[in-house]
Amino acid sequence: MTITAVEELTKGRSKIWIDEEFAFVLYKGELRRYHIRVGGEISQEDYDAILQEVLPKRAKLRAMNLLTKKDYTEKQLRGKLQEGCYPEQVIREALDYVAGYHYTDDRRYAVSYITDHENTRSRRRIEQDLLGRGIDEQVLEQAWAEWEAEGGRQDEQAMIGALMAKRRYDPDTADWKERRRMYAFLLRKGFSAEAVNRAMREACGEDPFCC
């Protein structure tokens, strides 16, 4: 196997190409240890040692360090490791490692996220957020069930009322355009048309768009 390119990624790290294909990223000391240089050869033994020992250990430490700062979904953590240019097999090993110790748990992450935003975001908005973070739909359903079993409840009407008050919306003086503007704003926040109509109707005591 021939080293066909060595590209400096940062001051201490370089991207390595073997036989014209990107292989991995190594530190300067590792370049010396494995005699990595353009045009040089890398033995199968050294190649295996890098992929099976050096990089998995580093990826696991990287994943652990990230998780000590905040929770990540598996998708988010994968993205962070991909940014570090780790090979897919190394990323999978690191993800399996942290999952094995329950350092990553998408359902736990989802329950925590729901709990943190239960009073400020609509259910639809929370679901959009979590799906975007890589939470599987089935896991999301399980998370809602667990949250509800623990006493979780949402009052979307109260949330809508709080948002209208925050934006100083006065249903008694608002004209048709102001009502339409508020209606569109609440829909963008993830509330259903039914919930918004009900809240605005209760606020003014009539159909908010009757005139």
Side-chain angles (χ1 to χ4, degrees), residues 1-117 120-121 125-143 146-147:
M1 293 182 287
T2 304
I3 309 300
T4 50
V6 177
E7 177 186 320
E8 189 174 88
L9 184 61
T10 64
K11 189 173 182 180
R13 301 163 65 232
S14 296
K15 299 174 74 173
I16 313 302
W17 274 262
I18 297 175
D19 296 332
E20 306 295 341
E21 293 186 1
F22 172 71
F24 36 64
V25 171
L26 295 177
Y27 284 94
K28 279 186 176 181
E30 293 160 347
L31 298 182
R32 293 191 295 269
R33 183 189 314 163
Y34 295 104
H35 309 292
I36 303 294
R37 63 183 184 282
V38 176
E41 297 291 320
I42 181 171
S43 68
Q44 187 67 52
E45 181 181 2
D46 285 346
Y47 180 80
D48 290 342
I50 291 169
L51 282 181
Q52 297 172 16
E53 299 172 21
V54 176
L55 295 181
K57 180 179 180 181
R58 183 177 302 152
K60 291 171 187 176
L61 288 173
R62 172 62 174 157
M64 291 290 289
N65 286 336
L66 287 167
L67 289 166
T68 59
K69 297 175 183 177
K70 70 172 189 176
D71 284 336
Y72 286 86
T73 65
E74 182 174 314
K75 179 182 178 180
Q76 291 173 321
L77 197 57
R78 174 183 290 278
K80 286 292 185 179
L81 293 175
Q82 288 173 334
E83 289 174 7
C85 300
Y86 290 100
E88 178 57 31
Q89 69 188 71
V90 173
I91 292 175
R92 184 68 263 165
E93 185 174 342
L95 292 176
D96 288 345
Y97 175 81
V98 294
Y101 286 95
H102 301 289
Y103 295 130
T104 55
D105 184 326
D106 280 3
R107 186 172 67 180
R108 183 185 66 197
Y109 180 99
V111 172
S112 178
Y113 191 90
I114 292 168
T115 302
D116 289 343
H117 299 91
T120 58
R121 298 185 184 180
R125 170 65 184 280
I126 290 173
E127 290 180 346
Q128 290 172 342
D129 290 347
L130 289 172
L131 290 171
R133 291 165 190 245
I135 300 296
D136 180 80
E137 288 187 9
Q138 184 176 358
V139 172
L140 184 52
E141 290 179 7
Q142 294 170 350
E146 183 175 330
W147 171 77

Residue pair C85 / V25: nearest heavy atoms and the distance that separates them = CB-CG2, 3.5 Å

Gap between atom CD1 of I91 and atom OH of Y86 - 0.5 Å precision | 9.0 Å

Which pair of non-hydrogen atoms, one from R108 and one from Y103, has the smallest distance, and what is that distance?
-> NH2-O, 3.1 Å

If you look only at pairs with a residue in residues 8-20, which of them pass as a side chain to side chain donor-acceptor pair (under 3.5 Å), with sequence neighbours excluded?
-> none

Side chain to side chain, I135 and D129, heavy atoms closer than 4.5 Å = no

May I ask you to test the Y34-V54 pair for a side-chain heavy-atom distance under 4.5 Å?
-> yes

Roughly how far, to the nearest 0.5 Å, is NE2 of H117 from CG of L130?
-> 9.0 Å

Working to the nearest 0.5 Å, report the span between CG of L140 and CZ of R107.
-> 12.0 Å

So do the side chains of Y113 and R121 get within less than 4.5 Å of each other, counting heavy atoms only?
-> yes

Can you check whether T73 reaches L77 side chain to side chain, under 4.5 Å on heavy atoms?
-> no

Please round to the nearest 0.5 Å and tell me the distance separating atom CD1 of I36 and atom CG of L26.
-> 6.0 Å

Determine the minimum heavy-atom distance between D71 and Q76, stating which atoms define it.
-> O-OE1, 4.4 Å

Of all the heavy-atom pairs spanning V98 and A63, show the shortest one and how long it is.
-> CG1-CB, 3.9 Å

L81 and A59: which non-hydrogen atoms are nearest, and at how many Å?
-> CD2-O, 3.9 Å

Taking C-beta and beyond as the side chain, do S112 and T115 meet within less than 4.5 Å on heavy atoms?
-> no

Would a 4.5 Å heavy-atom cut-off, applied to side chains only, mark Y47 and I18 as touching?
-> yes

Qualifying residues under side-chain hydrogen bond (donor to acceptor under 3.5 Å, both in side chains), relative to Q89, sequence neighbours excluded | none

Test R133 against Y109 for side chain to side chain contact (heavy atoms under 4.5 Å, CB included), laying out the working first.
-> CA-CA 10 Å; R133 291 165 190 245; Y109 180 99; 2.9 Å; yes

Min side-chain heavy-atom separation E93-K60 under 4.5 Å | yes

Under a 4.0 Å N-O cut-off, is there an ion pair linking R78 with E88?
-> yes

Ignoring hydrogens and angles, state whether a donor on the side chain of R92 or Y97 is under 3.5 Å from an acceptor on the partner side chain.
-> no

T2 and I42: side chain to side chain contact (heavy atoms under 4.5 Å, CB included), yes or no, with the steps?
-> CA-CA 6 Å; T2 304; I42 181 171; over 6 Å; no

Is the number of heavy atoms from other residues, nucleotides or ligands under 6.0 Å of K80 NZ greater than 12?
-> no

Do the side chains of T4 and V38 get nearer than 4.5 Å, heavy atoms only?
-> no

For residues 26-55, the salt bridge (charged side-chain N to carboxylate O under 4.0 Å, His left out) pairs (sequence neighbours left out) are E30-R58

Please report the shortest heavy-atom distance between P87 and A23, naming the atom on each side.
-> CG-O, 3.5 Å

